[in-house]
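Predicted model only: the values in this text are computed from it and were never measured.
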Amino acid sequence: MKSAVKNKEGLLEAKGISGAEAVIRCLLAEGVDLVFGYPGGAIMPIYDELFKFQDQLHHVLTRHEQGATHMAQGFARTSGKVGVAMATSGPGATNLVTGIADAQIDSTPMVCITGQVASHLLGSDAFQETDIIGISTPVTKWNYQITQASEIPTILAKAFYIARSGRPGPVLIDITKDAQFETFDFSYSPCKGIRSYQPQTEVDHQAIQQAAALINQAQKPMIVWGQGVILGEAEKEFQAVVEKTKIPAVWTILGLSALPTNHPQNMGMVGMHGNYAPNLLTNECDLLIAIGMRFDDRVTGDLTTYAKQAKIIHFEIDPAEVNKNVTVDLAVMGNCKESLQQLLPLVEPKQLNDWYDRFETLKAIETEKVIDKDLFPTKPGLTMGEAIRAINTHTGGDAVIVTDVGQHQMVACRYAEFVQSKSNVTSGGLGTMGFALPAAIGAKMGAPQRHVVAVIGDGGYQMTLQELGTIFQQQLAVKIVVLNNEFLGMVRQWQQLFFDKRYASTEMINPNFLMIAQAYGIAAKKVDKREELDAAVAEMMATDGPYFLEVRVEKEDNVFPMIPTGASVSDIRLE
């Protein structure tokens with residue numbers, strides 16, 4: 001291993017090193033100290049160099065390449081850094097695609113490095129050759145195939161710059177095996193800009209002034225915020241604007257935790273299974289202030305009826321999202337951290353007592369018809385809601401909650417309590433079952449000082465439960481809660497409500513989850529009685545290492561409120 005030196009310009013340099021070693025040096029130059037991956041023939045030279053640098057760069061051996069991408073996502077979401085995943089060519093590379101697609105739609109910064117067959121074999125259907133560039137093009141922010149070692153420093157510098165800048169996203173770099181073996185004189189300089197790529201625009205002060213005027217004039221304004229607040233590291237600025245204006249604020253599921261859930265102006269969640277008041281009042285407000293959200297169909301419902309009575313201001317970093325789904329009256333482009341800083345001195349405090357009364361009236365209706373039944377049930381069987389309530393009790397709202405996709409996800413997002421940002425990790429836009437267990441591993445490694453609780457349904461859990469092996473090998477104190485209703489619960493709910501209870505292929509015969517966890521050396525317990533739940537959660541949180549808790553819940557409970565697909569937000573159902 002050649003020694004590296006820094007020249008006068010601070011560029012990392014080394015003479016006559018291999019492309020494989022250059023990859024490792026590029027990662028170290030970017031501050032990467034953790035990589036998730038799975039080795040194979042076409043990426044073996046990089047892994048050989050990784051072995052030599054293992055005191056500086058920790059590699060987590062996953063049990064499946066998909067797990068590597070979800071771990072990189074979880075790591076990025078809690079640490080705020082770029083997650084890194086590696087895999088070999090062919091099936092190794094294609095197994096990354098689900099996690100890459102998930103990261104793309106949820107704006108998660110990630111760099112994936114794949115090995116590829118030697119360049120002279122490209123296009124020959126060689127063993128384990130797959131056109132991963134063609135496959136991944138629709139689901140990456142950028143991708144590139146390297147065939148010469150000399151390209152490695154420049155391309156990887158671009159990869160990290162593109163992944164983290166502007167609206168973040170995943171980048172895939174494919175490196176042929178001969179480029180990994182080839183030697184060259186290495187120098188590295190971080191990328192600071194790319195011609196024709198403008199990750200964000202300067203904030204238009206005139207647009208800020210127009211936004212302030214609309215806000216100051218509004219009688220029934222409502223803020224809807226999304227993950228852009230978190231990605232822009234704008235939590236303080238956002239909270240300052242919320243508190244100064246006194247405007248009620250509601251969130252999308254990826255925006256959850258940017259504002260503490262117990263904040264007096266936090267009015268709850270919008271969307272298909274969101275809260276009653278925020279959804280109904282979307283169609284009553286006179287000004288809708290959208291900050292760092294993209295008007296996803298799960299939030300808007302029927303676009304022909306969505307907030308037609310309101311003026312709409314959209315604070316957004318990505319021009320492609322403006323007027324894509326919802327036509328807005330004013331777009332404020334740029335990073336919302338900067339735009340909210342400029343907005344703050346221009347907005348005025350508002351007296352909105354009657355408007356807040358409307359929220360409280362509707363909240364009381366939802367509490368009586370839904371929330372009390374979820375959190376304080378009187379029927380014999382356990383509910384998902386009371387499991388989340390028990391977790392809140394024993395974490396004080398200070399844990400990272402990682403959820404999979406389904407009923408448990410909606411229940412957790414509705415009822416989990418958070419006191420700090422970067423605490424809610426879930427698969428939003430893609431809705432990837434199997435996300436939670438590997439993402440929780442990455443989340444724990446991204447925030448090792450925090451408790452991480454994975455809340456998973458019995459269906460999604462079995463898609464990636466092999467990653468228990470990663471928890472075992474890494475000795476990670478991840479807490480796993482499987483809410484087991486022996487159904488693919490969300491699909492079953494739709495079958496009950498819209499398909500005359502024809503439960504086609506949704507009932508599950510599950511294995512002994514406790515024996516599986518124990519086989520991986522993980523402490524495990526199962527509860528099916530209400531009087532056992534609190535003590536079991538307390539034991540889980542008090543255990544130093546990993547813990548598995550199976551909570552047997554009612555088989556045919558439904559998640560309400562609910563907006564049927566394609567319906568207006570005003571058509572939200574409480575039962």
Side-chain angles (χ1 to χ4, degrees), residues 63 67 70 74 381-392 394-395 399-413 415-416 425-427 432-441 443-444 451-472 476-493 506-530 532-541 543 545-557 559:
R63 296 307 185 262
H70 293 328
L382 285 167
T383 67
M384 295 184 181
E386 59 187 320
I388 302 302
R389 180 168 62 87
I391 292 170
N392 291 336
H394 293 283
T395 63
V400 175
I401 305 294
V402 185
T403 51
D404 214 81
V405 172
Q407 288 181 315
H408 71 279
Q409 176 192 34
M410 295 296 101
V411 171
C413 288
Y415 298 126
V425 178
T426 194
S427 173
T432 304
M433 290 181 67
F435 171 88
L437 184 61
I441 293 170
K444 181 64 177 176
H451 283 302
V452 173
V453 182
V455 178
I456 318 176
D458 50 308
Y461 179 60
Q462 292 180 82
M463 287 191 169
T464 52
L465 62 73
Q466 69 271 13
E467 299 306 339
L468 292 175
T470 306
I471 292 174
F472 177 60
L476 293 171
V478 174
K479 315 302 181 185
I480 305 160
V481 180
V482 168
L483 302 181
N484 183 4
N485 58 10
E486 297 183 328
F487 267 111
L488 298 177
M490 188 61 83
V491 182
R492 184 214 57 77
Q493 176 170 332
T506 47
E507 189 165 11
M508 304 194 76
I509 298 176
N510 291 322
N512 187 321
F513 290 132
L514 268 64
M515 291 180 67
I516 294 172
Q518 290 164 350
Y520 286 100
I522 297 173
K525 179 169 284 190
K526 177 171 68 176
V527 298
D528 56 13
K529 296 181 177 60
R530 184 161 290 120
E532 301 170 336
L533 179 61
D534 188 76
V537 173
E539 179 181 313
M540 175 180 73
M541 298 312 302
T543 300
Y547 195 100
F548 175 86
L549 176 63
E550 177 184 354
V551 182
R552 304 275 295 191
V553 296
E554 287 279 348
K555 290 189 67 170
E556 296 186 67
D557 259 2
V559 181

L483 side chain reached by V411 side chain, heavy atoms, under 4.5 Å = no

task = Before giving the answer on side-chain hydrogen bond (donor to acceptor under 3.5 Å, both in side chains), spell out for Q407 and D557 the whole-Å C-alpha distance, their side-chain angles and the decisive distance to 0.1 Å.
result = CA-CA 9 Å; Q407 288 181 315; D557 259 2; over 6 Å; no

inquiry  = Can you give me the closest heavy-atom contact between K444 and V452, atom names plus distance?
reply    =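 For K444 and V452, the tightest heavy-atom pair comes out as CA-CG2, 3.7 Å.
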
inquiry  = Between R552 and E486 (salt bridge meaning N to carboxylate O under 4.0 Å), is one present in this structure?
reply    = yes

message = Just to verify, what does V405 make a side-chain contact (heavy atoms from CB on, under 4.5 Å) with, not counting sequence neighbours?
response = Q409, S427, M433

task = Return each pair, listed once, that meets salt bridge (Lys or Arg N to Asp or Glu O under 4.0 Å) where at least one residue sits in residues 512-522; pairs must be two or more places apart or across chains.
result = none

task = Flag the pair Y461 / F513 as yes when their ring centroid distance falls below 6.0 Å, and as no otherwise.
result = yes

Under 3.5 Å, is there a donor-acceptor pair between the side chain of [X] and the main chain of [Y]?
X    : Y    : answer
K479 : G545 : yes
Q493 : V559 : yes
E467 : P438 : no
D404 : A436 : yes

query = In chain order, what residues pass the side-chain hydrogen bond (donor to acceptor under 3.5 Å, both in side chains) check against T395, with sequence neighbours excluded?
reply = none

side-chain contact (heavy atoms from CB on, under 4.5 Å) partner of L437, the single match among V402, I480, T470 =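 For L437, the side-chain contact (heavy atoms from CB on, under 4.5 Å) check succeeds only for I480.
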
key: Criterion side chain to side chain contact (heavy atoms under 4.5 Å, CB included) on K555 and F487, from CA distance to verdict   = CA-CA 7 Å; K555 290 189 67 170; F487 267 111; 3.7 Å; yes

